[in-house]
Amino acid sequence: TNFITKENINSILEESHFKKKVGLLSIDIDGNDYWVWKEINDFDPSIVVIEYNARFGKEKTYVVPYKKNFERRKIHYSGIYYGASIQALIKLGKEKGYAFVCCNTGGNNAFFVKKDLLNNKVKELNVEDGFVINKFRESRDENGKLMYLSKKEEEEIIFSLPLTEVWLKILITGVFGFIGQNLYQNLKHKYDVKGIGRNKKISKIKKNNNLLDNNITNQNLIKLNFQ
């Protein structure tokens, strides 16, 4: 059993003795999913299933900033602040050679297939056709009791917390190189506390830096899963 981070994911996969080419990679770790997938470079799955947070919408490339010990219910008691938007994952998938093909009906898992495996039955979808809003309730109050929050109430929580809009980082650092890195960090420091692209007031939040435990299981497929 190993705790999964972007720093150790490749060594964990190497030690698992999986072949480089695998059929399916499933990533569901309730927080750093985007950052872990981004870091995987030694394995070549045909299909990737990865959790997304539909509350971020389908237009922006929002990602919760990387935190090695991220645990969503300890970062914010509601438990709805985690992961990445579908658009952020689609852009990352394209960088890695994958096409977005669908979401599950529950609205929390996105499916990606290697572009060279697409055919008449498995086709790439745009976000407008493939995005599914979440159809489940998981927000909690400070006592851990399930709540019935409206879409607006959920947005008021998640967009008051730090977010990174990853396309901005790619654009700035790609165009301006090393200088762009410094420019991006300055913008990040200024805007991330509000959520880039959103004009929300800061709410009081509870933060606790406890370690998030995750493990890797199954010999027939690779699944990174929060247990």
Side-chain angles (χ1 to χ4, degrees), residues 1-9 26-38 49-89 103-104 106-110 131-166 188-216 223-227:
T1 302
N2 293 277
F3 303 149
I4 295 174
T5 67
K6 71 176 187 178
E7 291 84 7
N8 68 13
I9 181 58
S26 175
I27 306 175
D28 183 354
I29 53 178
D30 288 354
N32 288 324
D33 309 65
Y34 173 94
W35 303 111
V36 168
W37 187 23
K38 180 179 177 66
V49 183
I50 185 168
E51 184 178 39
Y52 68 97
N53 191 338
R55 298 174 186 85
F56 291 136
K58 60 185 177 181
E59 297 176 355
K60 299 289 187 178
T61 56
Y62 288 128
V63 181
V64 170
Y66 180 72
K67 189 176 183 65
K68 188 175 182 179
N69 57 355
F70 184 93
E71 188 169 357
R72 62 174 178 159
R73 297 199 187 280
K74 292 182 178 179
I75 292 292
H76 192 273
Y77 58 81
S78 67
I80 61 174
Y81 170 71
Y82 63 90
S85 69
I86 185 68
Q87 193 67 263
L89 294 171
C103 293
N104 68 329
N108 64 328
N109 286 308
F131 175 74
V132 177
I133 193 67
N134 56 300
K135 297 180 176 65
F136 51 88
R137 177 170 66 106
E138 60 178 342
S139 57
R140 296 179 181 271
D141 63 18
E142 294 183 64
N143 298 315
K145 184 178 179 180
L146 282 169
M147 298 186 294
Y148 291 91
L149 295 182
S150 67
K151 182 175 182 292
K152 181 179 179 181
E153 288 172 325
E154 288 189 335
E155 287 182 349
E156 287 176 350
I157 292 174
I158 61 175
F159 289 118
S160 70
L161 299 169
L163 290 174
T164 294
E165 193 167 2
V166 291
K188 182 176 184 296
H189 176 74
K190 183 176 180 181
Y191 293 109
D192 270 3
V193 292
K194 296 182 179 179
I196 296 176
R198 296 279 180 165
N199 185 20
K200 298 289 183 180
K201 293 182 179 179
I202 304 301
S203 64
K204 293 182 180 179
I205 62 174
K206 293 184 177 180
K207 292 186 178 180
N208 194 334
N209 297 332
N210 291 323
L211 187 65
L212 174 63
D213 294 359
N214 302 290
N215 56 50
I216 180 168
K223 184 176 184 181
L224 310 181
N225 192 24
F226 173 68
Q227 300 292 338

Given side-chain contact (heavy atoms from CB on, under 4.5 Å), test Arg140 with Ser78 step by step and report yes or no. CA-CA 5 Å; Arg140 296 179 181 271; Ser78 67; over 6 Å; no

Would Ile80 and Ile157 count as a side-chain contact (heavy atoms from CB on, under 4.5 Å) here? Give the steps. CA-CA 8 Å; Ile80 61 174; Ile157 292 174; 4.3 Å; yes

Would you please test Tyr62 and Thr164 for side-chain contact (heavy atoms from CB on, under 4.5 Å) and show each step? CA-CA 6 Å; Tyr62 288 128; Thr164 294; over 6 Å; no

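Considering CG of Asp28 and CG of Asn109, their distance stands at 6.0 Å, rounded to 0.5 Å. Atoms CG and CD, from Leu89 and Glu51 in turn, are 10.0 Å apart once rounded to the nearest 0.5 Å. A distance of 7.5 Å separates CD in Gln87 from OG1 in Thr61, rounded to the nearest 0.5 Å. Atom OH of Tyr52 and atom CG of Asn134 lie 7.5 Å apart (nearest 0.5 Å). From Leu163, atom CG reaches atom CD1 of Ile158 across 7.0 Å, with rounding to the nearest 0.5 Å. Atom CG of Asn32 and atom NZ of Lys68 lie 11.0 Å apart (nearest 0.5 Å).
Between the side chains of Thr5 and Glu7, at least one donor N or O lies within less than 3.5 Å of an accepting N or O.
The closest side-chain heavy-atom distance from Tyr82 to Arg55 is below 4.5 Å. A 4.5 Å side-chain heavy-atom check between Trp35 and Pro65 finds every atom pair outside the cut-off. By the 4.5 Å heavy-atom criterion applied to side chains, Tyr81 and Pro162 are counted as neighbours. Annotation: side chain of Arg72 is in contact with side chain of Glu138 (closest heavy-atom distance under 4.5 Å). With contacts defined as side-chain heavy-atom distances shorter than 4.5 Å, the pair His76/Leu161 qualifies. Using a 4.5 Å cut-off on side-chain heavy atoms (C-beta onward), Val63 and Ser85 make no contact. Within the 4.5 Å cutoff, side-chain heavy atoms of Ile29 are placed close to those of Val36. Side-chain atoms of Asp30 and Arg73, non-hydrogen and from C-beta on, never get closer than 4.5 Å to each other.
Residues forming a side chain to side chain contact (heavy atoms under 4.5 Å, CB included) with Lys151 (at least two apart in sequence, or on another chain): Glu155. Residues meeting the side chain to side chain contact (heavy atoms under 4.5 Å, CB included) test with Glu153, sequence neighbours left out: Leu149, Ser150.
Both cation-pi conditions hold for Arg137 and Tyr148: the charged atom is under 6.0 angstrom from the six-membered ring centre and inside a 45 degree cone around its axis.
Between Tyr34 and Tyr66, the ring center distance fails the sub-6.0 Å criterion.
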